[in-house]
Amino acid sequence: MAELTGWLLDLYPDPQAGAVLWLLGEDGKRHRLLQGFPLTFYAAGPNEQLRQLWRYLQSQPEVVELSRTERRDLFCPQPLPVLAAQVAHPAQQPGLFRRAAGRFPELNFYDADLSLALHHAAAHGTFPLARCRVETDAENKVQALQVLDTPWDLEPPPPPLRLLRLEPDVDPAHAPPKYVVVRGERLACRLSLAHPRPLLLNLSAILRQQDPDLLLTLWGDTWLLPHLLELGQKWRLPLPLSRDPGMGVEHRPERTYMAYGQVIYRGRQVYLFGRWHIDGCNAMLFHEYGLDGVYELARVTSLPVQSAARLSPGSGISAMQMVTALRQGVLVPWHKQQAELPKSAAELMISDQGGLVYQPLSGLHRDVAEIDFISMYPSIMRHFNISPETVTHPENPSPLRGEGVGLRGETEPTSPPDGAEPGVRGDWRLVPQLGLVINQGQPGLIPLTLAPLLDKRLALKQRQAELPAWDPRRQVCKAKATAHKWLLVTCFGYLGYKNARFGRIEAHQAVTAYGREALLQAKEAAEDMGFSVLHMYVDGLWVQKPGVSQPGQLQPLLLEIAERTGLPIALDGIYRWVAFLPSRVDGRVPVANRYFGTFQDGSLKLRGVEARRGDTPPWIARRQVALIEALAQLADDTLAHDLLPWLLRWLSHALAELRSGRIPSEQLLAAQKLSRALDEYRTPSPAARAAAQLASEGKHLRAGQRVRFLYTLGEPGVHAWDLPTPPDRRSLDLARYQELLIRAVGAVVQPFGIAEDELRLRARGSAPNVTFWPLPRLRENIAARVAT
DNA sequence: TACAGTCGGGG
DNA sequence: GTGTACGACTGTA
């Protein structure tokens with residue numbers, strides 16, 4: 001009997017028996033442990049069918065223990081009689097279940113398609129990088145397992161992970177790479193791809209010697225690792241990419257699917273066993289929160305690190321809900337099977353509203369405070385206990401399979417005298433406008449899942465604010481908070497997602513209804529306290545009051561709003577000035593989400609303008625940001641009087657730069673996503689034409705993939721960036737880029753009284769090489785910004 | 001002018 | 001393996 005303490009690295013089914021646990025021991029060694037871990041799935045339905053299923057499962061080769069028992073379905077008040085099938089070896093469960101489900105399509109199956117990691121998290125409280133104490137026998141079999149920390153610890157000590165980076169020297173989609181750049185502990189080298197044998201031998205030696213826990217690559221999923229594995233096969237020199245020699249690697253093919261209301265493309269993926277592979281180019285949102293965010297996501301969601309790095313946050317929050325359900329003994333349905341409650345047309349009109357959006361007072365405003373509800377929708381779900389099983393129709397409480405009840409047991413509707421809070425009677429709360437009621441008796445599945453997340457995110461942000469800017473822990477806190485943000489944001493969308501296991505459209509609508517009400521309450525509070533409300537957008541409002549320009553002066557309003565709504569709210573900042581833009585199509589109409597401004601601390605906020613769009617060429621975006629930064633530095637009197645001549649010089653300077661040919665082509669690249677297959681385009685967009693160019697060179701892109709291109713003269717008007725030959729510099733469509741720049745600049749200066757047409761006229765007449773003289777007070781600042 | 005195609009924002 | 005619904009805007013015909 002031996003005792004081991006360390007960090008949990010990896011967890012997966014052993015092909016023969018039980019679960020494999022990889023532990024990074026405090027002794028510095030990596031331990032491969034085995035643990036017996038049977039998995040149970042359930043089936044419910046007509047008795048006769050369950051009996052047949054029983055006989056069927058008994059006849060199968062897998063070792064299965066069968067029993068009849070009762071479990072709780074989230075939507076049924078009464079326990080559900082089920083058949084429990086306990087499969088001895090987790091690796092055999094998916095296959096057995098697939099056969100059973102195919103044979104008995106009318107039965108409802110539960111807990112049947114969850115990964116081993118989630119089952120293990122529910123059963124043992126494990127999560128990736130959890131600190132564990134393990135007792136093992138002589139054969140490295142786990143006899144006892146104790147988890148020593150929780151995902152909710154704010155700053156767990158970082159495990160001593162070993163990292164190895166592998167990168168091709170160039171983007172393989174753009175040009176054939178020549179080298180693999182390798183960087184590890186006291187190691188940096190470049191291996192030639194032209195000589196496969198030495199490459200493979202060297203890489204194998206490096207992997208053995210360094211024995212990294214994490215292989216961090218660029219294009220490792222989509223190109224590098226598949227390429228290396230292929231070479232390894234061809235030369236009969238297998239690479240030890242996985243730490244577990246018996247497991248090889250797992251390939252997941254590329255795929256496109258519909259989500260976010262659009263087509264999404266995910267490249268192929270390569271998963272390892274016993275160590276992790278993360279491809280910095282194929283990891284969703286990776287650039288936003290980095291490795292620290294990935295570890296944090298893995299810890300709180302219980303998803304393996306390699307999955308947490310690649311999956312969208314939707315699957316993260318979904319995993320958390322499933323673990324909550326498993327821990328509560330609530331069945332996790334195999335397929336989500338829910339229809340919306342029937343609704344009249346009039347109800348549809350009201351309930352299908354989303355967030356409240358106002359039309360701002362367009363133009364330039366000074367000393368404006370922006371206040372935002374913190375994680376508004378998740379906070380609403382928690383505060384009002386909104387969850388698929390708690391929201392229901394009062395006159396029709398049993399629409400599907402049962403009435404809304406709390407998680408921890410049955411709660412009968414009661415109607416005692418009116419409670420203290422308006423809209424609440426006993427255990428029931430009436431949702432404004434929708435005619436829905438929410439059971440308040442027991443915390444729902446979603447609020448239970450969300451509460452620790454909301455608390456931790458606030459704690460992280462607070463900790464981040466306490467730490468000095470130079471402290472590296474501050475960046476770590478920030479990365480973690482950013483990762484949490486995405487979990488919280490998608491949790492709301494998931495309520496309304498038709499295929500979510502724990503989604504229900506009525507719950508989704510209840511959330512937005514409360515959101516609208518909270519915003520209106522906030523508006524009333526602000527107006528009661530003498531503020532004028534310039535704009536409101538879903539969870540934020542922009543307010544102004546003569547004489548109010550310091551953060552402290554907003555505190556009474558914040559307290560009042562928190563008091564009236566019950567929801568947390570904070571000051572985002574006070575703008576020195578903010579400009580709300582009118583519609584480009586009709587200048588009389590303001591639009592809700594195109595604005596920019598500068599806060600008192602000098603930081604900028606931009607929404608909806610060209611610089612925020614992913615398809616804007618970087619050079620255009622940077623010119624626009626630089627211009628806003630310059631405007632932020634200008635004194636009020638300059639803004640009023642001397643702006644036009646200065647601006648025209650600024651513009652000529654930028655246009656001269658464009659014509660000079662000194663801007664790197666990458667800076668002029670537009671990037672757009674293909675929304676469909678090429679032959680499905682009815683009118684060929686620039687992106688479609690660029691994709692067609694690539695297709696004729698044998699590079700076929702699929703719907704959901706991005707295509708990068710330059711605007712060029714003549715037909716077809718674009719030049720795809722990943723074509724083998726770059727375009728002639730002289731064929732660049734400079735007039736097109738000039739127009740894009742003028743539009744971006746026009747949007748910024750419109751609130752300052754300068755019309756876009758004027759810029760266009762003057763630009764045409766300007767000499768190509770006008771010397772640009774910054775205003776004296778601006779010179780320093782602009783030099784600094786342009787450099788970045 | 002109509003409509004097809006693409007993007008954002010939440011934080 | 002998993003977010004929605006919608007409006008603004010641009011380019012093409």
Side-chain angles (χ1 to χ4, degrees), chain A residues 113-115 252-253 255-264 266 269 284-285 288-289 303 307 310-319 322 335-336 352-355 357 359 370 372-378 457 461 478 481-503 505 508-509 511-512 515 537-540 570 572 581-586 589-595 605-616 670-676 680-689 706-707 711 717-718 736 739-740 743 747:
Chain A
D113 54 349
L114 312 188
S115 70
R252 299 196 188 171
R255 50 184 234 292
T256 49
Y257 57 90
M258 288 293 294
Y260 303 93
Q262 53 180 318
V263 186
I264 307 239
R266 300 306 316 268
Q269 302 178 346
M284 200 106 157
L285 302 171
E288 271 217 44
Y289 40 64
L303 289 171
S307 308
R310 291 173 176 86
L311 294 178
S312 82
S315 42
I317 200 74
S318 175
M322 294 194 272
H335 269 321
K336 197 263 174 188
D352 272 2
Q353 295 169 12
V357 173
Q359 289 197 334
E370 180 181 344
D372 296 327
F373 286 99
I374 303 169
S375 297
M376 184 197 224
Y377 287 161
R457 176 149 193 272
K461 291 189 83 159
K478 192 177 173 193
T482 308
H484 280 234
K485 175 186 77 185
W486 288 110
L487 283 178
L488 291 169
V489 165
T490 38
C491 183
F492 160 69
Y494 232 61
L495 269 186
Y497 175 45
K498 61 182 184 306
N499 292 323
R501 284 176 220 249
F502 297 116
I505 196 69
H508 189 267
Q509 291 161 354
V511 172
T512 54
Y537 193 89
V538 185
D539 65 346
D572 195 43
L581 293 175
S583 162
R584 221 192 257 286
V585 180
D586 182 349
V589 185
V591 300
N593 53 1
R594 269 167 66 85
Y595 63 90
K605 184 161 179 174
L606 290 67
R607 289 298 179 266
V609 293
E610 286 75 1
R612 290 284 292 192
R613 296 177 61 106
D615 58 348
T616 303
Q672 282 188 329
K673 200 145 90 166
L674 299 170
S675 60
R676 62 206 71 201
E680 287 166 8
Y681 276 91
R682 294 204 251 173
T683 57
S685 67
R689 296 200 301 271
R706 285 182 95 74
V707 55
Y711 289 107
V718 293
R736 179 78 173 249
E739 175 61 18
L740 290 176
R743 268 188 224 152

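Chain letters run A, B, ... following the sequence lines, proteins first and then strands; every chain starts at 1.
In DNA chain C, runs of at least 3 stacked Watson-Crick or G-U pairs (N1-N3 plus N6-O4 or O6-N4, or N1-O2 plus O6-N3, all under 3.5 Å) give these stems: B:1-8 with C:6-13.
The phosphate of B:dG5 (OP1 or OP2) has no side-chain N or O of A:S675 nearer than 4.0 angstrom. A sub-4.0 Å separation between OP1 or OP2 of C:dG11 and a side-chain N or O of A:R736 is present. Within the 4.0 Å cut-off from OP1 or OP2 of C:dT2, at least one side-chain nitrogen or oxygen of A:S315 is found. At C:dT12, one or more side-chain N or O atoms of A:R689 fall inside 4.0 Å of OP1 or OP2 (strictly under the cut-off). One finds a side-chain N or O of A:R607 lying less than 4.0 angstrom from the OP1 or OP2 phosphate oxygen of B:dG10. Under 4.0 angstrom from either OP1 or OP2 of B:dG10 there lies no side-chain N or O belonging to A:S375. Contact check, A:R676 against B:dA4: no side-chain N or O comes under 4.0 Å of OP1 or OP2.
Considering only residues two or more places apart in sequence or on other chains, A:A687 meets the side chain to side chain contact (heavy atoms under 4.5 Å, CB included) condition with A:Q672, A:L674, A:S685, A:V707, A:F709. Under the side chain to side chain contact (heavy atoms under 4.5 Å, CB included) criterion, A:A570 pairs with A:I374, sequence neighbours left out. For A:E739, the side chain to side chain donor-acceptor pair (under 3.5 Å) partners two or more places apart in sequence, or in a different chain, are A:R743, A:R760. For the side chain to side chain contact (heavy atoms under 4.5 Å, CB included) test, residues two or more places apart in sequence or in another chain that qualify with A:A611 are A:L606, A:A621, A:Q624, A:V625. Shown here are the salt bridge (Lys or Arg N to Asp or Glu O under 4.0 Å) partners of A:R255, two or more places apart in sequence or in another chain: there are none.
Nucleic acid contact for A:G614: sugar-phosphate only, since backbone atoms but no base atoms lie under 4.0 Å from a heavy atom of the residue. Across all strands, A:R594 comes closer than 4.0 Å only to sugar-phosphate atoms, never to a base (heavy-atom distances). Within the 4.0 angstrom heavy-atom criterion, only backbone atoms of the sugar-phosphate kind lie near A:Y681; the bases stay farther away. Residue contacts for A:R612: at a heavy-atom cut-off of 4.0 Å it reaches a base atom on one of the strands shown.
With both ends at atom P, the span from B:dG9 to C:dT2 equals 23 Å, rounded to whole Å.
Atom OH of A:Y595 and atom P of C:dC9 are 15 Å apart (whole Å). Atoms OH (A:Y377) and P (C:dA5) sit 13 Å apart, rounded to a whole Å. In this structure, A:R266 places its CZ atom 11 Å from C1' of C:dG1, rounding to the nearest Å. Between A:R310 atom CZ and C:dT2 atom P there is a gap of 12 Å when expressed in whole angstrom units.
When atom types are taken as modelled, the side chain of A:Y681 and the backbone of A:S675 share a donor-acceptor pair closer than 3.5 angstrom.
Counting only heavy atoms from C-beta on, A:V591 has its side chain closest to C:dC9 among C:dC9, B:dA4, B:dC7. Of the candidate nucleotides C:dC9, B:dT6, C:dG3, C:dC9 has the atom nearest to the side chain of A:S583.
A:F492 and A:H508 have parallel rings, their planes meeting at less than 30° on a 0 to 90° scale where 60° marks the start of perpendicular.
Side-chain contact between A:R612 and A:N593 is absent, with no heavy-atom pair separated by less than 4.5 Å.
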